[in-house]
2 protein chains.
Amino acid sequence: MPRSKAASAPASSGHVLELIRSGEAATRTEIGRATGLSRPAVALRVTELLRHGLVSEDRAAPSQGGRPPARLEFDAAGGVVLAAALGVSHSQAAVCDLSGRLLAGDSGSPELEYGPRAALPWLLETWQRLLEECGRGTGDVCGSGIGLPGTVEFATGRAETPPVLADWGGVDIASLVAEWFPAPVLIDNDVNVMALGEHRAVHPGVGDLLFVKVSTGIGAGIVAGGELLRGSLGAAGEIGHIPVRDGDGTPCRCGGTDCLEAVAAGPALLARMNARDRRAGGVAELAALAHEGDSAAAALVRQAGRRLGEVLAGAVNLLNPEVIVLGGLLDRAHDHLVAGVREVVFQRSIPLATRQLRVVGNRSGEEAGLRGAAAMALEHVLAPEAVNARIAARR
Amino acid sequence: MPRSKAASAPASSGHVLELIRSGEAATRTEIGRATGLSRPAVALRVTELLRHGLVSEDRAAPSQGGRPPARLEFDAAGGVVLAAALGVSHSQAAVCDLSGRLLAGDSGSPELEYGPRAALPWLLETWQRLLEECGRGTGDVCGSGIGLPGTVEFATGRAETPPVLADWGGVDIASLVAEWFPAPVLIDNDVNVMALGEHRAVHPGVGDLLFVKVSTGIGAGIVAGGELLRGSLGAAGEIGHIPVRDGDGTPCRCGGTDCLEAVAAGPALLARMNARDRRAGGVAELAALAHEGDSAAAALVRQAGRRLGEVLAGAVNLLNPEVIVLGGLLDRAHDHLVAGVREVVFQRSIPLATRQLRVVGNRSGEEAGLRGAAAMALEHVLAPEAVNARIAARR
């Protein structure tokens with residue numbers, strides 16, 4: 001009845017790499033002790049890892065008398081991953097080492113609304129240029145991670161007719177990227193990627209976290225048990241089209257009425273603000289006004305927080321997260337947004353679900369997407385099975 | 001940045017057992033090949049597993065010339081787990097072998113409302129008697145699993161002041177059980193346990209499943225990526241207190257208004273039914289009436305399904321499950337409940353989230369809780385780390 005989680009080769013090179021990366025074993029003797037492998041078997045695996053540049057050797061370890069054992073260290077310079085956070089108005093691209101450290105990065109404004117064939121050349125050329133800047137080549141690329149503004153069928157890497165980016169629907173982005181950089185390509189929606197980035201960078205010890213992005217739309221990324229929860233087709237986290245209570249019939253672009261997005265996302269706030277005195281040119285400006293103490297802007301953001309809180313109160317009952325992180329274009333008005341969310345969530349969720357709940361603003365800021373894209377690629381390419389496959393392919 | 005998942009001893013006895021249980025390796029040679037372990041190391045681990053009765057040996061394998069290699073098989077008779085599904089009006093207890101097969105079972109009506117010190121003796125004595133019936137002793141018990149009607153802080157095994165069972169709040173049930181049966185005790189709320197049982201028995205290949213129990217209250221159990229999602233304090237799945245849209249202010253026992261439970265759970269339906277012509281003596285009877293074609297009862301159940309569907313539409317957007325299973329006291333009226341849920345969920349959830357969604361009735365029936373409790377205990381006690389610890393303790 002219980003399903004097996006056994007990997008086919010529990011003491012493979014990939015697992016030995018994991019022992020070294022995690023600090024559980026640093027010498028050949030320690031690896032032997034931890035795995036039960038014979039000395040020749042340990043030596044074979046370590047040699048493979050050394051040859052592929054994933055591990056480096058250091059003989060300077062303090063001696064206990066006699067020749068000191070060579071200490072093995074994960075070599076983050078043994079390869080690179082490419083990371084990208086694509087956005088409708090602003091996109092970022094970077095090259096990272098195998099620890100996720102940014103080696104080179106750039107941003108630009110490729111026109112995503114004209115489809116991937118217009119925007120992908122910018123990304124591929126930027127990555128190519130950044131690789132050259134850090135003296136790396138295509139052969140060093142172990143994988144790429146991309147965050148895209150729209151729902152993505154994660155297993156296939158195809159965008160699912162995102163309303164903002166209709167022309168991306170069904171396009172096999174992963175294959176297009178892999179033509180240039182032949183290595184695994186991981187694509188997920190921007191909010192999932194931001195959730196992963198914020199979790200790994202700011203809340204690594206938290207098991208259950210909900211990241212909510214309030215921007216042109218509203219979406220959530222769910223971290224459950226430390227891992228992204230994507231759902232059966234990668235559509236998890238689509239909270240923008242959950243209706244709010246006691247709505248007045250506000251139409252939503254999805255065809256429904258009173259969707260959270262229609263009453264609390266950027267455009268709705270902006271329309272309400274500008275119906276009064278037309279002072280904010282964009283959502284970021286509205287957020288800045290709220291931050292600077294403009295009472296009308298602050299009241300709008302706080303009310304949006306309350307509306308968001310209604311939907312999040314249900315999500316808290318359903319998921320019992322430890323942390324809710326709010327991010328997106330309202331970043332600068334976090335205080336007001338967080339206050340509105342707290343007001344409703346702590347009133348409407350069941351007591352046990354809110355006992356240890358924290359509602360906070362996004363702390364990794366603009367980098368969340370890029371960090372998350374790098375983490376998504378890294379966690380895939382450094383998984384034992386992937387390491388074994390790479391070693392086998394180049395043996 | 002990526003977190004390590006490496007166990008400390010990837011090729012331990014526990015892992016070897018997993019290879020044998022999953023069918024990945026059946027002979028000492030295959031174990032050596034799969035793990036990279038030396039022949040003496042494989043022999044040592046197999047001997048330990050044989051000595052602890054977790055594995056049995058069979059020399060009847062077809063020969064390829066020469067002496068046939070001994071085939072190793074997981075021995076489900078190498079121990080037992082105790083399982084219990086406690087309910088307010090009806091409780092079940094069983095002894096299962098290590099494959100989850102029921103060896104002996106019984107049910108009763110211990111009075112849960114008077115607290116665990118009144119109800120636990122029934123459970124402990126029943127387990128003891130069932131153990132004797134199948135010729136086993138306390139020393140054969142590898143672990144126990146209990147489903148309890150109320151929120152449970154899973155990590156500690158303490159019940160969280162369940163509204164139905166106030167006297168159970170904070171009681172350390174696990175310790176009380178472990179005094180009689182000294183082995184790991186796992187306790188979770190009844191809906192989580194039913195979700196696990198239904199998943200393992202009926203939908204083992206499904207990654208993301210939502211099990212909803214409509215009974216005196218309404219709760220959900222979430223299976224994400226094949227595992228139970230419990231949330232940070234074990235409160236996940238509490239959908240009964242999410243308010244429905246356009247409510248008329250119906251008060252709920254939690255102090256809120258228009259909670260799903262207050263408008264769509266058994267008592268609400270019964271009250272509405274009996275306000276008309278007082279025909280149904282209980283929720284099960286109301287469900288039976290609906291099943292038999294009573295139009296008033298069927299309409300009530302269907303309307304409850306629609307209300308449930310409103311909340312589930314949000315849960316579908318949030319979690320993108322592949323299957324929603326409806327269970328509980330309305331079991332016999334599943335057709336009507338399922339129809340109501342489908343009506344609203346397929347109208348209100350986003351298209352990608354419902355593309356492959358199935359809404360079905362509970363198929364493992366009354367056994368779901370007992371099967372789930374056994375699975376919860378088994379998956380814990382057969383995990384490699386737990387097997388290693390048990391072997392080390394008795395070495």
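Residue numbers begin at 1 in each chain, while the letters A, B, ... track the order of the sequences. Model, not experiment: these values are computed from the prediction.
The parts of Leu319(A) that come within reach of chain B are both its backbone and its side chain, each placing non-hydrogen atoms under 4.5 angstrom from that chain. With a 4.5 angstrom heavy-atom cutoff, Leu233(A) touches chain B via backbone and side-chain atoms both. Only the backbone of Arg230(A) comes within contact range of chain B, judged by heavy atoms closer than 4.5 Å. Looking at Asp208(A), the atoms closer than 4.5 Å to chain B (heavy atoms on both sides) all sit in the side chain, from C-beta outward. With a 4.5 angstrom heavy-atom cutoff, Ile350(A) touches chain B only via side-chain atoms. Using a 4.5 Å cut-off between heavy atoms, Ala315(A) contacts chain B through both its backbone and its side chain.
Arg307(B) contributes a side-chain N or O that, together with a main-chain N or O of Arg245(B), makes up a donor-acceptor pair within less than 3.5 Å. Side chain of Asn192(B) to main chain of Gly221(B): no donor-acceptor pair is present (N/O by atom type, distance under 3.5 Å, no hydrogens or angles). At least one donor-acceptor pair under 3.5 Å links the side chain of Ser38(A) to the backbone N or O of Ala41(A). Looking at Glu310(B), its side chain never comes within 3.5 Å of a backbone N or O of Val344(B) through a donor-acceptor pair. Of the possible donor and acceptor atoms, none in the side chain of Thr354(B) sits under 3.5 Å from a partner among the backbone N and O of Leu357(B).
Contact tally against chain B (heavy-atom pairs below 4.5 Å) for Cys254(A), Pro243(A), Gly256(A): the top residue is Pro243(A). Chosen from Ile239(B), Val311(B), Leu229(B), Leu44(B), the residue pairing most often with chain A at heavy-atom distances under 4.5 Å is Leu229(B).
At a threshold of 4.5 Å between non-hydrogen side-chain atoms, the residues Thr250(B) and Val244(B) do not count as touching.
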